[in-house]
Number of protein chains: 2
Amino acid sequence: MNNPHITLADILITTPEARRSGFLEYALRRNKEAVPFIDKAKALKAILQAHTQSPDDILSIEKIKESLLEAAGVSVKAKAHLSIADKDRLLQDFIDKVLKPSGSAYIEEMVYRYLLTSGDALGGKMRNIIGSIANEKLTRFIVSQLQICQIEFTYTRKNDAFTHGKHFTIDVADSIKAIQWTNGQNQQRLLVYNVNVPQVKKNIDIVLLKQAVANTRSDPLKKVLADEKNYLVIGELKGGIDPAGADEHWKTANTALGRVRTAFNRQLSLIFIGAAIEASMAQEIFSQYQSGELANCANLTDDNQLASLCAWLIEQ
Amino acid sequence: MNNPHITLADILITTPEARRSGFLEYALRRNKEAVPFIDKAKALKAILQAHTQSPDDILSIEKIKESLLEAAGVSVKAKAHLSIADKDRLLQDFIDKVLKPSGSAYIEEMVYRYLLTSGDALGGKMRNIIGSIANEKLTRFIVSQLQICQIEFTYTRKNDAFTHGKHFTIDVADSIKAIQWTNGQNQQRLLVYNVNVPQVKKNIDIVLLKQAVANTRSDPLKKVLADEKNYLVIGELKGGIDPAGADEHWKTANTALGRVRTAFNRQLSLIFIGAAIEASMAQEIFSQYQSGELANCANLTDDNQLASLCAWLIEQ
DNA sequence: TAAACTCGAGTGA
DNA sequence: ATCACTCGAGTTT
């Protein structure tokens with residue numbers, strides 16, 4: 001029982017207040033992220049007003065072809081899977097069946113449709129942002145623990161060389177790829193985020209290794225990752241606050257952790273950190289924690305739980 | 001090896017052509033579903049034009065308060081988790097920081113923002129539709145098998161009484177909740193979709209039982225579901241075509257199936273049907289199929305695989 | 001209401 | 001290009 005704050009399953013459950021606060025932050029951030037999408041829609045409108053008199057003119061403006069496709073309901077993701085013929089058909093259908101019947105309102109119709117697709121895109125973007133905010137919060141707590149314990153550390157953004165921890169500021173926390181330190185027993189420790197673990201051929205959110213590397217560019221790190229003896233901790237982090245997604249994403253995490261258990265011949269510590277934890281999954285998580293299948297766990301919205309987990313992590 | 005079409009893992013992999021076709025269908029359907037969202041935006045614009053002269057007038061129009069909140073970036077889902085104070089704050093911020101600075105373009109700004117949120121909503125709606133289309137396809141293949149085998153069956157839409165299969169038409173396939181028949185060995189069979197299995201306290205996509213019920217209203221069905229001896233097959237169905245979601249959703253399905261294995265004291269047949277199957281997960285699925293952990297499996301986009309699975313299913 | 005279902009919009013390695 | 005990560009927009013029971 002490595003986390004003194006996890007004494008029973010119910011403690012893991014996310015409070016309504018944490019949920020409220022999470023959704024509020026989400027709405028505020030979403031409004032900020034909406035601006036460029038709104039701007040692009042306005043720019044599209046301006047181009048259409050300046051360069052078209054009727055729907056038939058639209059196809060001839062090369063620079064808005066992609067926007068036209070998006071207005072026709074095709075996401076950037078979907079585009080990659082469609083053939084040229086599919087896209088041409090969708091465009092022509094869109095012009096004939098949607099824009100032309102709108103008469104003189106064809107510009108408004110196209111911009112409105114474009115915004116619908118943009119809204120879906122904004123939603124996708126937000127989901128990624130929420131994930132990296134969770135990562136950032138974990139980083140802040142780990143760094144705080146290192147500082148409290150007066151452990152010197154280095155960190156790297158992207159795949160650059162390591163910078164001394166004394167240069168660490170809150171504004172770099174969102175781009176940290178790896179942190180390195182020497183623990184109380186004078187052992188090298190390397191924490192890497194979102195890295196492909198070759199033993200499972202899958203990316204893992206949190207990986208703690210017992211080797212130092214000069215940088216996280218492919219080769220030196222790959223060599224360390226290749227040897228399963230170098231692994232200390234592997235963890236899954238789920239930053240989403242939506243209770244409706246809680247069990248869904250825990251099921252995903254659970255299979256991901258199961259794959260690690262199967263792939264590694266030696267036992268290593270597995271951890272789970274989630275922001276949306278509901279009663280039923282709290283039982284499963286706690287049960288795995290009690291049996292040792294999970295070495296540690298925490299609710300990301302509970303500072304005490306998270307701090308305890310980080311304190312444990314840097315001591316491994 | 002219950003499915004003669006599943007001879008090796010790679011056969012389960014979704015073809016690029018099936019993917020292309022899936023994304024094309026998706027785009028066409030999305031454009032149809034977009035219409036009411038576009039209409040609501042136009043209606044909102046009309047109300048704003050008719051009843052407001054400036055952003056300050058908006059709050060006084062009670063009937064557009066929810067739309068205003070959505071324009072302010074709050075989804076219907078998020079609304080449920082926010083306090084009145086949160087929502088008031090978001091509304092006021094939206095008016096002060098977004099609409100007022102737009103000057104005379106405040107109506108356009110509000111409608112554009114509303115459309116962004118609507119686009120996310122449309123995306124959510126589409127995801128549900130894709131799921132029910134998959135269910136519908138499975139129903140059509142099962143009914144076809146029953147018809148081919150000249151097995152009489154009854155079906156129920158929603159939770160009504162059962163209707164004789166001779167009344168079955170393609171247009172009801174999307175609302176079938178359960179199908180009942182008597183198999184070759186004169187045994188009662190009941191197939192139910194999306195039903196809560198009390199042994200795991202979770203909903204399961206596909207459940208085959210060996211009891212008949214008069215209707216699928218709570219009580220008679222609940223009694224059958226309560227006794228684990230009545231279960232023959234439990235299955236997960238994943239209708240999504242996006243390869244990026246394939247492993248994600250297989251991981252979810254895998255934990256769901258794992259929960260069933262753990263919860264049931266007797267062995268029962270577990271099956272998996274997915275539309276997006278990638279190489280790596282195909283190996284895992286096939287491996288479970290070979291070991292018997294999965295009794296059957298199929299790629300939803302492959303008619304032969306699906307028909308074979310359905311032929312096996314109605315013989316159980 | 002609570003709980004957990006639907007799945008692809010992004011992203012990056 | 002390939003693969004598999006981010007998570008909440010809907011929905012139902």
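Note on naming: letters A, B, ... go to the chains in the order of the sequence lines (proteins, then strands), and numbering restarts at 1 for each one. Because only heavy atoms are used, hydrogens play no part in the values below, and waters and symmetry mates are left out as well, while side chains stay in.
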Spacing between [X] atom [atom1] and [N] atom [atom2], to the nearest angstrom:
| X | N | atom1 | atom2 | value |
| --- | --- | --- | --- | --- |
| B:I277 | D:dT2 | CD1 | C1' | 17 Å |
| B:R19 | D:dA1 | CZ | P | 11 Å |
| B:E236 | C:dC7 | CD | C1' | 13 Å |
| A:K40 | C:dG10 | NZ | C1' | 12 Å |
| B:E136 | C:dT6 | CD | P | 17 Å |

Does [N] have OP1 or OP2 under 4.0 Å away from a side-chain N or O of [X]?
| X | N | value |
| --- | --- | --- |
| A:Y26 | D:dA9 | yes |
| A:K238 | D:dT6 | yes |
| B:K251 | D:dC5 | yes |
| B:K79 | D:dG8 | no |
| B:S280 | D:dA4 | yes |

Quiz question: by atom type and distance under 3.5 Å, do the side chains of [X] and [Y] form a donor-acceptor pair?
| X | Y | result |
| --- | --- | --- |
| A:K238 | A:T252 | no |
| B:T117 | B:D120 | no |
| B:T139 | B:Y155 | no |
| A:Q288 | A:N254 | yes |

What contact category does [X] fall into here, base, sugar-phosphate, or nothing, at under 4.0 angstrom with non-hydrogen atoms?
| X | result |
| --- | --- |
| A:N196 | nothing |
| B:G131 | sugar-phosphate |
| B:E248 | base |
| A:V195 | nothing |
| A:G240 | sugar-phosphate |
| B:I129 | nothing |
| A:K202 | sugar-phosphate |
| B:G119 | nothing |
| B:A121 | sugar-phosphate |

Is there a side-chain hydrogen bond (donor to acceptor under 3.5 Å, both in side chains) between B:S83 and B:D86? Walk through the geometry before answering. CA-CA 5 Å; B:S83 68; B:D86 292 334; 3.0 Å; yes
N/O donor-acceptor pair, side chain B:H249 with base C:dG8, under 3.5 angstrom: yes
Nearest-nucleotide wise, let me know which of B:M126 and A:P243 is further upstream toward the 5' end of DNA chain C. A:P243
Angle of first-five versus last-five pair axes in the helix from C:dA2-D:dT13 to C:dA13-D:dT2, to 10 degrees: 10°
Return whichever of B:A78 or A:L237 has its heavy-atom-nearest nucleotide of DNA chain D closer to the 5' end. A:L237
Can you work out whether A:K201 or A:G239 has the more 5'-proximal nearest nucleotide on DNA chain D? A:K201
May I ask you to check whether over 12 heavy atoms, not counting those of A:K125, lie within 6.0 Å of atom NZ? no
Between B:R20 and B:E17 (salt bridge meaning N to carboxylate O under 4.0 Å), is one present in this structure? yes
